[in-house]
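Note sheet for the following structure.
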Protein chains: 2
Amino acid sequence: MERSGGQATINDVARLAGVSKKTVSRVINRSALLGEETRRRVEQVIAELGYVPNPQARALALRRNFLIALVHDNPNAQTVMNVQQGLLEGVAGSEFELVVRPVRRGSPTMLDDLRAFIERQRPFGVLLMPPVGDLPPVVDLCRALGCRHVRMSAVAGDPASTVASNDREAVRHAVSYLVEQGHRRIGHVAGPDGFLSAAERRAGFEEAVAAAELALPRSWIAQGSYTFESGQEAGERLLDLSPRPTAIFCANDEMAAGLVHAARARGLDVPRDLSVIGFDDTPIAAHLWPPLTTVRWPSISMARTAALKLIGGEQEVEEPSRFLSTLIRRASVAPPPAD
Amino acid sequence: MERSGGQATINDVARLAGVSKKTVSRVINRSALLGEETRRRVEQVIAELGYVPNPQARALALRRNFLIALVHDNPNAQTVMNVQQGLLEGVAGSEFELVVRPVRRGSPTMLDDLRAFIERQRPFGVLLMPPVGDLPPVVDLCRALGCRHVRMSAVAGDPASTVASNDREAVRHAVSYLVEQGHRRIGHVAGPDGFLSAAERRAGFEEAVAAAELALPRSWIAQGSYTFESGQEAGERLLDLSPRPTAIFCANDEMAAGLVHAARARGLDVPRDLSVIGFDDTPIAAHLWPPLTTVRWPSISMARTAALKLIGGEQEVEEPSRFLSTLIRRASVAPPPAD
DNA sequence: TTGTATGCGTTATCAC
DNA sequence: GTGATAACGCATACAA
C-alpha cells in the first residue's frame, strides 16, 4: 500500500487525511491536544500507507540524531558482544540505533580519527569501552566536542558519565578465597600498562596478599598483555621459580588459559599442583580443562545502564553507576599440594 | 575556530568565502568545473572553520543515507567481530557507518522487527550473516522493501548479493586428511537443522567418507546445536559406541571443544585415543588442549568484499564471491590407536 | 484544536 | 564557472 514513488511522506498522509502536516506531526509525536476524531483518521491513513517517519529528516529538524556509538579497542570479542547486547537492550523500544567504531589505542592517529568521526557523524552519544574510556585525552576530546559520553571503567567516576565495576574489591575476594584454601605462595599474572583494569586488579591482588600477611617477592608478579600467548610466557617465568607459587591469579581469562597451557606443558596438573583464577568469565573459562574459577563482571547490565544514561534525560541518572562482580567457583582451585 | 552557535555550516563557509552555497557544495563534492582560485579560497575557509558537512542533511537531500547494517543472530562472538571488522575495512575511507542489528532467528516477530528496522532506518544496504541470510523469507523481505543486501553463506548464489565460502569442499579435505592418517571409523557431530553451513559440512563429511569407501553407520553421526554443551552430549553418545570412532569431525569448534571435554571425562586422550577436527578456527581452537585442528574460513575478507558489493556500484561486482577455507593442522589429529 | 510560515543543512535545477 | 531558488521530510513558533 505504498506510494508508487517510493516511501510515503508526511505530506502524503496529510493530503489523504485532509489535514495539515503539522497535525500529522502531532499524531506522530503523541501531542495531547488533538481531536479524538482527527487522530483516528490520521492514524488510519498512516496505517494504510505504511507511513514511517524519516529519521534523517527528523534528525535534521531536531538538530540531533539518534545514533549512539560504541567506541572500543576490541580487547576481547565476547566482551564487545556483551556490551553491544547491553547497549541494544538499553535503547530497545527507542528510535536509537547503535553504530560501532573500533579504534586502535596506540595508533598515533587515534585521536584524530575519533575527532573526525564525532565531528562528521555527530552521534547523540558515545560509549567508551575500556581501555579507551580510561584515556584522558579521549574524554577531553568528547568534552571539547560537546559530545555526550559514558565511560565503562574499573574505577568509579562522575556518575553521570561513568559506569564502573569493582575490580579491585572483586580481586581481593578472589585472592582471599585462595588464602582460605590454604595457599601461602600466590603469584599474579598482571595485565598490561595503560589498562586501569590491570592496575586495579593488581592492586586488589596486592591488598589481599598484604591483608593475609603473605610474602610477595617481586618475582611472583609477571606482566602480560591480556593475550593467551603472554599468559603462557608469564606462566613459564612463574613456574620456573623455586619454590614456585601454588596458586596464581591472572588478570584475565585469556592469560589464565595460557598459564594453564604452560603448566600442562611441564607436566603440572591443575588444580592438583597449581590453582588458577582468571577474570572476565569469557566462554573460554567454562570450556577450559579444568573449568576455570574466575571473576564475572556484569558487562551486559553495565552497558545497558550506560545506554540509559546516554539517552535518558538528567533524571535517569538514578541508575546505579557501580556494578558488582562475583567469583565463579569452578574446578581450577584446590588446596595446595602437601610440600 | 568554530562558530559560537555550535558547528559551522555550509552557509558560514559561503559567507566568509564570499561565494554561494552551491559553490561550497561543489568544492566538497570535488566538482570538476570550478575555478582554481575559488576552490583554494573555499578550502581555506573550510579549514579555518573546521567545517564538516552534516551527514543528516546530505542524506536528506540525496534521498539516501550512508548506513550499512549488519544483521546477525550471533552464533559466535568472534565470528561476529570478524565480520564487523571486515565490513569496516570495506567501508574505510568512505562516509559509511556500520550499525549493528541482532535478530533472533526463531522469534515469531523476527520478520516484523526486521521490516520495521529497514523501513525506519532505510539503511543503504544490509549484510545478512548466516544463518539469517539463509532464510528465504528474510531475503524476500529485503527484496520487497527494495533494500540492497548481501548474504554470507556456505553455498554460492547470485554473485551480486552473495559471498560464499566452500564449506563442503573444505570439509571433504579435512575428512580426507583423517583418512590419510589411517582412520577407518570416522564420526561426525553435525550442526543444527536450519543452518545451511551445517548441512553443507555434513554433506562434505558424507562425501569424503563415501569416497574412501568407509562404513558410516547412522549412529556415527550425532547432531548438536553448535554449542559447547551440545558437543559434549553428542560426544558422549558417540564415545559410548562399540567399537567407537577413532576420529570425529565436528561442525564447529565449540562442539569440538565439548567433545574433547567429554573424551577427557572418560579418560580418553586426544589425539592418542581419538582424533578431532573442528571448524571455524575461533580462538578456542588454538587455546584448547591439545590445540585443535580445524578449518578456517575467511570471514574477514568475505565481509570486506560484501561491504564493497554493498556500497560499490555495479562495476565493483568483479570482486570474488567465493572464498576458500583452509585446513589448519594442529595437535588434535594423530593416526588411530592400534586395535 | 488546527493551520501557516519558516527553518534545519545540504544538493539539484537552471538560469546567468 | 557561478549563483539564486527550490526541493528533501519533518518540527517549531505563532496565529487563527
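Each chain gets a letter, A, B and so on, in the order its sequence line appears, and its residues count up from 1.
Residues A/Leu62 and B/Ala61 both approach DNA chain D. Their nearest nucleotides, taken by heavy-atom distance, put B/Ala61 toward the 5′ side. Position along DNA chain D of the nearest nucleotide to A/Asn11 versus B/Lys22 favours B/Lys22 as the more 5'-ward residue. Annotation: of the two residues near DNA chain C, B/Asn54 and A/Lys21, the 5′-most nearest-nucleotide partner is A/Lys21.
For the pair A/Arg64 CZ and D/dT12 P, the computed distance is 10 Å after rounding to whole Å. Distance B/Leu49 CG to C/dG9 C1': 14 Å, rounded to the nearest Å. One can place CG of B/Asn65 at 18 Å from P of D/dC8, the figure rounded to the nearest angstrom. Atoms CG (B/Asp12) and C1' (C/dC8) sit 13 Å apart, rounded to a whole Å. Regarding B/Arg39, its CZ atom lies at a distance of 14 Å from the C1' atom of D/dT2, rounded to whole Å. As a whole-Å value, the separation of B/Asn29 CG from C/dG9 C1' is 13 Å.
There is a side-chain donor-acceptor pair under 3.5 Å between A/Gln84 and B/Gln84. When only modelled atom types and interatomic distance are considered, B/Thr109 and B/Asp113 share a side-chain donor-acceptor pair under 3.5 Å.
Picking from D/dC10, C/dG3, C/dG9 the nucleotide with the shortest atom distance to the side chain of B/Ile10 gives C/dG9. Looking at the side chain of B/Leu34, the nearest of the listed nucleotides C/dT11, D/dT2, C/dT1 is D/dT2. Counting only heavy atoms from C-beta on, A/Thr23 has its side chain closest to C/dT2 among D/dT2, C/dT2, D/dC10.
Panel note: side chain A/Arg148, backbone A/Val126; no donor-acceptor pair is recorded below 3.5 Å. One N or O on the side chain of A/Arg151 and one on the backbone of A/Gly133 form a donor-acceptor pair closer than 3.5 Å. With hydrogens and angles disregarded, a donor-acceptor distance shorter than 3.5 Å links the side chain of B/Ser94 to the backbone of B/Val91.
The side chain of B/Ser20 places an N or O atom within less than 4.0 Å of a non-bridging phosphate oxygen (OP1 or OP2) of D/dG3. Contact check, B/Arg58 against C/dT11: a side-chain N or O comes under 4.0 Å of OP1 or OP2. Between A/Arg26 and C/dT1, a side-chain N or O to OP1/OP2 separation shorter than 4.0 Å is absent.
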Report the C-alpha distance between A/Tyr51 and A/Thr9 in whole Å, list the side-chain angles of each, state the deciding distance to 0.1 Å, and finish with yes or no for side-chain hydrogen bond (donor to acceptor under 3.5 Å, both in side chains). CA-CA 7 Å; A/Tyr51 164 72; A/Thr9 78; over 6 Å; no
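A 6.0 Å sphere centred on CZ of B/Arg104 holds no more than 12 heavy atoms belonging to other residues, nucleotides or ligands.
Annotation: the terminal axes of the helix from C/dT1-D/dA16 to C/dC16-D/dG1 meet at 40°, where each axis is the rotation carrying the C1' atoms of four end pairs onto the next four (5 pairs per end, rounded to 10°).
Residue-level contact check: B/Val19 touches the backbone only, with heavy atoms under 4.0 Å from sugar-phosphate atoms and none from bases. Residue A/Leu60 is in base contact, counting any heavy-atom pair closer than 4.0 Å across all strands shown. Backbone-only engagement by B/Val52 is indicated by non-hydrogen atom pairs under 4.0 Å involving sugar-phosphate atoms exclusively.
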